[in-house]
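Notes for the one structure printed next.
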Amino acid sequence: MAAKILVTAALPYANGPLHLGHLAGAYIPADVYVRYQRLKGSDILFICGSDEHGVPITIRADRENVSPKEIVDRYHDRMKESFRRIGLAFDNYSRTSLPLHHKIAQDFFLNLYNKGYIKEQSIQQYYCPTCRRFLPDRYIEGECPHCHRQGARGDQCEACGRWLEPEQLLSPQCKECGSTPEMRTTTHWYFRLSEFQQRLEDWQTSKTDWKSNVREFCSGWFKEGLTDRPITRDIDWGIPVPLPNADGKVLYVWFDAPIGYISSSVEWAQKQGAPDRWRDYWMNPETKLIHFIGKDNIVFHAIVWPATLMAHGDFILPSQIPANEFLNIEGDKISTSRNWAVWVDDYLEVFPPDPLRYWLESNAPESKDADFTWKDFQTSNNSELADVLGNLINRSLSFIEKNFEAKVPPSGTLRDPDRAILAEIGNATRRIGAAIEDFQVRAAVGALMDLARSGNKYFNDEAPWSSFKVDRARCATTLNTTVQLLAALAVLMEPFLPFSAEKLWRMLNAPGSHHDQRWNDVPELRLPDGHPLGKREILFSKIEDAIIEEQIAKLKK
RNA sequence: GGCGACGUAGCUCAGUCGGUUAGAGCGUGGGAUUCAUAACCCCAAGGUCGGUGGUUCGAUUCCACCCGUCGCUACCA
């Protein structure tokens, strides 16, 4: 019976293009998991979309003198295209500026409001009369009351490290325009998060299979004690608060973003022509809800979001939150403002998608931050993908082409080494599957390469170039066995290297699509004797030093 | 400042719920081989497991402190 699984990947914020950090933390691990589950035959839905509200987008729009709408349209389209080209297999990629999402988020808010989980409260907050908006803490600068240096932010002084309240700053200024802000009274709506502390703790206690980074992070928060959180803001870009006395108030972006998972699912169902089908997932206690995120997202997905789901009551809670650490680039942390990043668009101008996927999979920041270097990427492509996996494919297929008219040689009589390598396919299939189900992409892709290494060893040990001269039947058996290994690899590669998996399937001229194969049947997959092979091509080209030097130069520019 | 994470071979990282010779891939050296994208296979060298002290029969693994790197600290999604 097929399991029902609902997978989400963090909604990327639509104020900049996609970079490798995004892919490494959430999207590639999610994609590997989803592609694998599809081959397993699971009933799985993979949901994402752009997160398009919030203050940073309005500020970026002001700076560029365009509307927030123009900003989010630009980046929504770019990110969606980047995802497609790198092979992210979303069932639906939505966006939070859709009217559908606004309606669902407002209904969600009203549901909580009507149940008494939202309270109204007046607070004092800085307002910039020139920019005509209330200022988030980090957009106010001034003199630190402790060390008296300039440039301290409303939340913290970078110089002395002390944590501040905005009103403590001496001679505060609006970071954007430099004007002196004034204190004004404003009203906001607060989610009574504090009421959910016990339920959340009880719930998480049962989640013994969660990653330690998530559990530890949350236990720290529980120790501090959860407090009620404002979930509205005074800006005009966002989802209007659906109450009569709420002009100029919108929902806080962190409140509406995760609801985007639901509205993206609803949009998917509508596109399917089965508008209620999203309920099969979101309202079905048998469904496993899995949120793939980066470590910056842990608190929201493991505490605030489950609490809002509990408050609402109609939807299932997350069953897993595989949070990854961060990716550095050439030793330094990624910074959009310093332009220290490798952008997915730029990468794809020069290279095919799979080598990057492979690097990100075999170096996934699962337990600690990882470091991307172009040199390492080159090595990974050349000496692993090309030399181990690519060469196994190429050496065996070209041998068959030359000596067996590009047809699968007769299997003949199997001997121990042949049986051993075929058994190895079964072992690898199970190992890779178990690792993916345990969210260990590094180990999974490692097991895939181990199988290719075993194949190379087998090929070498059996030395068909020698047996061809003295025992042609034995040579045929070796090649036949190798072809069966390649067919298995074509399917096993799918979650990791989908573009190359497809190509390999075609090179083998195997029937139908590799997508139609079943993961658990891979060990029994056989191409018949005499089966004509397709056109051979190089799956993974080597990357020359000069190309890598160019990329490094571009980064340091 | 508070809380937390990390520091293991040249590089990127596993691992050790305390116990005989600490692992992988890549890189390096040597050997064998030649079908293939000058590669593949075998072997080897290389680590005081950040530092100091403690607990223990025994610590890389537990504890304390120190050094270093980083994250979070509630509006940089």
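Order of the sequence lines sets the chain letters (A, B, ...), proteins ahead of strands, with each chain counted from 1.
As judged by a 4.0 angstrom heavy-atom cut-off over every strand, A/Phe468 is placed among residues making no nucleic acid contact. Nucleic acid contact for A/Gly54: none, since no nucleic acid atom lies under 4.0 Å from a heavy atom of the residue. Across all strands, A/Lys375 comes closer than 4.0 Å to no nucleic acid atom at all (heavy-atom distances). A/Glu384 comes within 4.0 angstrom of sugar-phosphate atoms only, judged by non-hydrogen atoms across all strands, and of no base. Across all strands, A/Glu537 comes closer than 4.0 Å to no nucleic acid atom at all (heavy-atom distances). Among the protein residues, A/Ser466 comes within range of no part of the nucleic acid, since none of its heavy atoms lies under 4.0 Å from any strand. Across all strands, A/Phe300 comes closer than 4.0 Å to no nucleic acid atom at all (heavy-atom distances). Using a 4.0 Å heavy-atom criterion, one finds that A/Asn363 contacts the sugar-phosphate atoms exclusively. If you check every strand for non-hydrogen atoms under 4.0 Å, A/Asp387 touches sugar and phosphate atoms only. Within 4.0 Å (heavy atoms only), A/Asp450 reaches no atom of the nucleic acid at all.
In this structure, A/His301 atom NE2 and B/C72 atom P are separated by 16 Å, rounded to whole Å. Between A/Gln440 atom CD and B/A24 atom C1' there is a gap of 14 Å when expressed in whole angstrom units. A straight line from CZ of A/Phe372 to P of B/C26 spans 19 Å, rounded to a whole angstrom. Separating the CZ atom of A/Phe404 from the C1' atom of B/C35 is a distance of 11 Å, rounded to the nearest angstrom. For A/Met507 and B/U37, the CE to P distance is 12 Å, given to the nearest whole Å. With rounding to whole Å, A/Asn381 atom CG is found 13 Å from B/C26 atom C1'. Between A/Asn324 atom CG and B/C70 atom P the separation is 21 Å, expressed in whole Å. One can place CG of A/Leu385 at 12 Å from P of B/C40, the figure rounded to the nearest angstrom.
No side-chain donor-acceptor contact under 3.5 Å links A/Arg357 to the backbone of A/Leu497. Using modelled atom types, no side-chain atom of A/Asp51 and backbone atom of A/Pro258 make a donor-acceptor pair closer than 3.5 Å. Between the side chain of A/Asp228 and the backbone N or O of A/Leu193 there is at least one donor-acceptor pair closer than 3.5 Å.
Note: A/Tyr117 and A/Phe196 have tilted aromatic rings, judged against thresholds of 30 and 60 degrees for the angle between ring planes. Classification of the A/His19-A/His22 ring pair by plane angle, with boundaries at 30° and 60°, yields parallel. A/His102 and A/His53 have perpendicular rings, their planes meeting at more than 60° on a 0 to 90° scale where under 30° would count as parallel. The aromatic rings of A/Phe468 and A/Phe399 sit perpendicular to each other, their planes meeting at more than 60°, with 30° as the lower class boundary.
For A/Ser383, whose side chain is taken as the heavy atoms from C-beta onward, the closest listed nucleotide among B/C26, B/A74, B/U37 is B/C26. The side chain of A/Gln125 approaches B/C75 more closely than any other nucleotide in the set B/U37, B/C75, B/C35. Looking at the side chain of A/Arg395, the nearest of the listed nucleotides B/U37, B/C35, B/C76 is B/C35.
Under 4.0 Å is where a charged nitrogen must lie from a carboxylate oxygen, and between A/Arg74 and A/Glu64 at least one such pair does. Here A/Asp62 pairs with A/Arg133 in a salt bridge; the nearest charged N to carboxylate O distance falls below 4.0 Å.
Here, B/G47 and B/G1 have their P atoms 37 Å apart, quoted to the whole Å. B/G68 and B/A24 are spaced 26 Å apart, taking the C1' atom of each and rounding to whole Å. Taking atom P on both B/A74 and B/G27, the two are 46 Å apart, rounded to the nearest angstrom. B/U61 sits 12 Å from B/U52 when the P atoms are compared, rounded to a whole Å.
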For nucleotides 41-44 of chain B, print each protein N/O atom paired with a nucleotide N/O atom at under 3.5 Å, atom names and distance only.
from, atom 1, to, atom 2, distance (Å)
B/C41, O4', A/Asn460, ND2, 3.2

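Within the structure, a side-chain polar atom (N or O) of A/Arg233 is placed less than 4.0 Å from OP1 or OP2 of B/C75. Distances shown here put every side-chain N or O of A/Arg442 at or beyond 4.0 Å from the OP1 or OP2 atom of B/U12.
Residues A/Trp465 and A/Leu226 each lie close to RNA chain B; by heavy-atom proximity, the contact nearer the 5' end of the strand is made by A/Trp465. Remark on RNA chain B: of its neighbouring residues A/Ile538 and A/Thr379, the 5'-side contact belongs to A/Thr379, judged by nearest-heavy-atom nucleotide.
Per the stacking criterion (ring centres < 5.5 Å, plane angle < 30°), A/Phe399 does not stack onto the base of B/C35.
Helical stems in RNA chain B, defined as runs of 3 or more consecutive Watson-Crick or G-U wobble pairs with donor-acceptor distances under 3.5 Å: B:1-7 with B:67-73, B:10-13 with B:23-26, B:28-31 with B:41-44, B:50-54 with B:62-66.
Taking the centre of each ring, A/Phe83 and A/Phe90 come in below the 6.0 Å mark.
To the nearest 0.5 Å, the span separating OG on A/Ser50 from CE on A/Met79 amounts to 4.0 Å.
Considering every non-hydrogen atom in both A/Gln197 and A/Gly225, the closest pair reads OE1-CA, 3.4 Å.
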